[in-house]
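In listed order, ligands and their atoms are each counted from 1.
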Amino acid sequence: LAGTVWVASDIHLGPETPKTAIAFHDFLDKACANADALILCGDIFDAWIGDDFAQAAPPDWLLRTLDKLGQFSTTTPLWIGRGNRDFLIGHALAQRVGAQLLPDRVCLDTDYGHVLLSHGDEYCTADASYQRFRRIVRTPFIQKAFLALSLTLRRGIADWARQRSMAANRNKSARIMDVETRAVEQAFMEYDVDTMVHGHTHRPAVHQHTVGGRLRQRIVLPDWDYDHGEPPRAGWVSIDCNGTVLHQQDW
Ligand code: OKV
């Protein structure tokens with residue numbers, strides 16, 4: 001990856017976030033003008049129940065973003081990673097928008113060196129009930145069975161799962177829902193990188209970790225929301241030969 005790489009995550013687009021969609025589309029114009037590649041590392045969408053949903057007759061809000069991404073990728077390379085919400089994104093969607101799918105964790109070879117990129121939910125190891133949910137819905141035969149259901153049934157299951165999750169999260173502490181330092185440090189060691197970027201926790205920050213006697217940097221991306229209260233939230237990380245910069249609506 002040569003030049004300037006931009007990374008964003010947790011846009012959480014859906015039928016009820018039109019302002020966030022507009023902000024994201026503006027961001028794509030900005031990325032088109034300033035970045036040599038764009039990586040979206042998970043939860044572009046607030047829910048995803050199968051690529052066929054986007055293929056048959058996508059609702060208006062989705063069609064606009066698919067077309068925008070498709071247009072974007074004709075001029076700038078686009079990579080898409082799956083998040084904890086849109087983990088069912090598949091190659092059909094990637095093809096539809098002209099993107100390449102990323103694996104869950106990927107070591108990017110940038111002008112600033114190796115950067116470990118992931119969505120970030122895999123580091124939330126203190127949240128046992130979430131990790132259980134994650135294991136179940138990531139089981140291939142369970143995914144196949146789910147995708148074989150009618151869209152109506154899948155929508156029903158998704159609504160139910162989201163209601164249950166919201167109820168459960170109300171009783172979880174901030175610490176439980178953040179990353180575990182031990183899981184992060186393990187990843188730094190395993191991938192032997194000095195820079196890590198992830199989203200998921202919605203706690204944008206630049207953290208320093210000393211692991212294996214080396215100072216390392218972990219950049220956490222913000223989520224995006226222009227539809228629920230002030231101030232709006234958005235941001236991205238830019239990576240070039242000079243290093244990394246976390247941008248938060250200073251644009
Ligand atoms: C995504 C999350 C809902 C968190 C269900 C198998 C199973 C897939 C699914 C249903 C839900 C995605 C696809 C959604 C993420 C939630 C609630 C909590 C914490 C099955 C395969 F098990 F039912 F058979 N799902 N949807 N959550 O609405 O997009 O990440 S979702």
Taking [X] first and then [Y], would you say they form a salt bridge - that is, a charged N and a carboxylate O separated by under 4.0 Å?
{"X": "D29", "Y": "K68", "value": "yes"}
{"X": "R162", "Y": "D46", "value": "yes"}
{"X": "R175", "Y": "E180", "value": "yes"}
{"X": "K30", "Y": "D26", "value": "no"}
{"X": "R96", "Y": "D67", "value": "yes"}

What residue and heavy atom of the protein are closest to [atom], and at what distance?
{"atom": "atom 17 (C) of ligand 1", "value": "A161 O, 3.4 Å"}
{"atom": "atom 4 (C) of ligand 1", "value": "F133 CE2, 3.7 Å"}
{"atom": "atom 3 (C) of ligand 1", "value": "R162 CG, 3.5 Å"}
{"atom": "atom 20 (C) of ligand 1", "value": "F146 CD1, 3.6 Å"}
{"atom": "atom 24 (F) of ligand 1", "value": "I142 CG2, 3.8 Å"}
{"atom": "atom 14 (C) of ligand 1", "value": "R85 NH2, 4.0 Å"}
{"atom": "atom 26 (N) of ligand 1", "value": "A158 CB, 4.0 Å"}

Hey, are E122 and S118 close enough side-chain-wise for a donor-acceptor pair under 3.5 Å?
yes

Working for side chain to side chain donor-acceptor pair (under 3.5 Å), residues T17 and D227:
CA-CA 6 Å; T17 51; D227 290 277; 4.6 Å; no

Any heavy atom of F87 closer to ligand 1 than 4.0 angstrom?
yes

Does T4 reach the side chain of D111, with side-chain heavy atoms less than 4.5 Å apart?
no

Select one of side chain, backbone, both or neither to describe which atoms of L88 lie under 4.0 Å from any atom of ligand 1, heavy atoms only.
side chain

Proximity of N84 to ligand 1 by residue part, where a heavy atom lies under 4.0 Å:
both

Show which atoms of ligand 1 fall inside a sub-4.0 Å distance from at least one heavy-atom site of I157.
23 (F)

Option set N169, V137, D127, D43, criterion heavy-atom distance to atom 22 (F) of ligand 1, minimum:
V137

Polar proximity ligand 1 side, W48 side, N/O cut 3.5 Å exclusive:
yes

Before signing off on this row, confirm whether S165 and ligand 1 have an N or O atom pair separated by under 3.5 Å.
no

Per side chain to side chain donor-acceptor pair (under 3.5 Å), H119 is matched among H200, R105, R85 by H200

